[in-house]
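Comments concern the structure below.
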Number of protein chains: 2
Amino acid sequence: MSGSSADSDTRMSAAQHEMVELFMHFGHNLGLPKSVGAIYGLLYATAEPLSLDAIVTILQISKGSASQGLRFLQNLNAVQVVYLPGQRRDHFTAERRLRKLANGFLRERVEPHLEHGADRLDRIGDAIDPDDPNAVHLKKNLERLRNWYRKSRQILPLVRNVIG
Amino acid sequence: MSGSSADSDTRMSAAQHEMVELFMHFGHNLGLPKSVGAIYGLLYATAEPLSLDAIVTILQISKGSASQGLRFLQNLNAVQVVYLPGQRRDHFTAERRLRKLANGFLRERVEPHLEHGADRLDRIGDAIDPDDPNAVHLKKNLERLRNWYRKSRQILPLVRNVIG
DNA sequence: CAATTTGTTCAATCATTTTTGAACAAATTG
DNA sequence: CAATTTGTTCAAAAATGATTGAACAAATTG
C-alpha cells in the first residue's frame, strides 16, 4: 500500500545491508547491543522515516527489541520521531549530524562515568590507612589518577570542537 | 618468606580493594573483562611487582584468567614484566604513565576498528545499485560517513597531545 | 635426567546480557 | 463503547562472553 516496488517494505538492498552491519559492529565496539546498531544503521540508510513495524519486518527482530532499541536511540538523540500526517503509527528517522550524535553519546554514556569515577577517587583517599606501609605509594598514585581525570575532562571540549 | 607482615601476600588493604574496583568498572566501560581491570588495579595499587601466583592468591581468580589477563595487559603496554634477580617467577608491574597507557589502548583497540571501518565504507560504496531509487540518498550519506571517519582520525593526535 | 616449578592453552562451565513473545495498557476508530 | 491498532513491559529463553581447571609444554633444579 505504501511502498513503490513490490518488497521495498520488507527487504533491504545490498548497500543498506552493509550499512546495517557497519553500525552493528561500530555499536558493538561502544558496548551497544547488536539490535541497537542494526536499527540505527537501517534508519541511516533509508531516506524515508520507518515505523516500528517496518523495522521489525525488515530487520526480522522482535517487536520488544525494536521498541527498546528505539527508546534507547531516542535517549541518545540518535533517532527522532516524525509524525506523518494521516499516519497513525510513529515513524522514526536517524539523526545524521555527527555533532548531535557525539553529544548525545558523551552526555549519556561518557560523562556519567567520569562523574562516578571522581567520586570513587575520593572514596579511595578515605580508605587509605595512614599506618599502612603502602600509604605513601597509594597517595602518590591516587594523585596521579586525579590527574588522569583532569585530562580526560580536558579532552571532552576538544572533541566537541573538532566534530562541531 | 617475602612479605613483611603476616598476610600482606594474600590480602588487599581497603584502599587497594577500592582501586581494584575502580579499574574493574573503568575497564568494563571500555569493554574489557572484569579480571583484566582487577589485575591492573591490583598492580596499580601495589608498590612492588607481583608474581602471577600472588595475583591469583590475592584476587582469588584462576591461574588461566590471570595468565590471559596479564598477556592482554602486556599487549596494551599496560603491564610490564620485571625480572627480579634470583627470582624464578616472572613479576609484573603496572605502567602508570597515562601517555603510554592511552597510546597502547588507541593502537590496539581503537585504530584497528577505524581501519576496518574505512574498508567497510568502500564496500558499501561498491554495493550501491545505481538503479536503486535510494542510490542518491545512499551516496550522500556514505559521503557523510567518510567525513565522520576523517574527523575521528583528527581526534587521535589531539588526544595524544593533551595527555602527552 | 628425573623431579619440580612455572606458565599456557582450551574445552567445559558459569555468569551476564540480549532477545523474544505473550500479556497488557493506551490510543484510535467506526 | 466495542473492536482494532499500536506500542510497552517483563519473565523466560537464547546467545554471548568470561572464567575455570585440568592437561600440557617449557624451563629450571639438584
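Small disclaimer: the values here were computed from a predicted structure and weren't measured. Just so we're on the same page: letters track the sequence lines, and every chain starts at 1. Note that these values count all heavy atoms, side chains included, but never hydrogens, waters or copies made by symmetry.
- Using a 4.5 Å cut-off on side-chain heavy atoms (C-beta onward), E95(A) and N77(A) make no contact.
- Here H28(A) reaches the OP1 or OP2 of dG17(D): one of its side-chain N or O atoms lies under 4.0 Å away.
- For N29(B) and dT16(C), the CG to C1' distance is 16 Å, given to the nearest whole Å.
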Test side chain to side chain contact (heavy atoms under 4.5 Å, CB included) on L70(B) and V81(B) and set out the steps.
CA-CA 10 Å; L70(B) 283 168; V81(B) 192; over 6 Å; no
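- Within 6.0 Å of the CZ atom in F72(A), the count of heavy atoms belonging to other residues, nucleotides or ligands exceeds 12.
- Of the two residues contacting DNA chain C, namely Q68(B) and K63(B), the nearest-nucleotide position lying further toward the 5' end is that of K63(B).
- Heavy atoms of S51(B) sit nowhere under 4.0 angstrom from any nucleic acid atom.
- Using the six-membered ring where Trp is involved, Y40(A) and Y44(A) have ring planes that are tilted, between 30° and 60° apart.
- In this structure, S35(B) reaches the dT19(D) phosphate: one of its side-chain N or O atoms is under 4.0 Å from OP1 or OP2.
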Going through the distances and angles, do K140(B) and E143(B) end up as a salt bridge (charged side-chain N to carboxylate O under 4.0 Å, His left out)?
CA-CA 5 Å; K140(B) 184 174 123 202; E143(B) 235 1 272; over 6 Å; no
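- Look at S62(A) and you won't find any side-chain N or O under 4.0 angstrom from OP1 or OP2 of dT19(C).
- Heavy-atom minimum distance, G31(A) versus R109(A): O-NH2, 3.9 Å.
- Backbone-only engagement by D90(B) is indicated by non-hydrogen atom pairs under 4.0 Å involving sugar-phosphate atoms exclusively.
- Within the 4.0 angstrom heavy-atom criterion, only backbone atoms of the sugar-phosphate kind lie near R89(B); the bases stay farther away.
- Atom CG in L32(B) sits about 17 Å away from atom P in dT16(C), given to the nearest Å.
- Where H91(A) and I61(B) each meet DNA chain D at their nearest nucleotide, the meeting point lying more 5' is that of H91(A).
- Side-chain contact between I61(B) and I39(B) is present, with at least one heavy-atom pair separated by less than 4.5 Å.
- Between dG7(D) and S67(A), no contact under 4.0 Å exists linking OP1 or OP2 to a side-chain N or O.
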Map every base of DNA chain D to its dot-bracket character, where paired means a Watson-Crick or G-U wobble contact with both distances under 3.5 Å and | marks a partner outside the strand.
||||||||||||||||||||||||||||||
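- Rounded to whole Å, atom C1' of dA27(D) lies 12 Å from atom OH of Y83(B).
- Between the CG atom of L52(B) and the C1' atom of dA26(D) there is a distance of 15 Å, given to the nearest Å.
- Aromatic ring orientation, H116(A) versus H25(B): perpendicular (interplanar angle above 60°, classes split at 30° and 60°).
- Nearer to the 5' terminus of DNA chain D, by closest-nucleotide assignment, is the contact made by D53(A) (compared with the other of D53(A) and V36(B)).
- Interface remark: the R88(A) side chain does form a donor-acceptor pair with the dT5(D) base, using a distance-only criterion of under 3.5 Å.
- Straight-line distance from the CD1 atom of I39(B) to the P atom of dT19(D): 9 Å, rounded to whole Å.
- To the nearest angstrom, P of dT6(D) lies 13 Å from CG of L84(A).
- Put simply, CD on Q60(A) is 15 Å from C1' on dT19(C), counting in whole angstrom units.
- Put simply, CG on L70(B) is 16 Å from C1' on dA18(D), counting in whole angstrom units.
- Between R71(B) and dT9(C) there is a side-chain polar atom (N or O) within less than 4.0 angstrom of OP1 or OP2.
- Between dT16(D) and K34(A), a contact under 4.0 Å exists linking OP1 or OP2 to a side-chain N or O.
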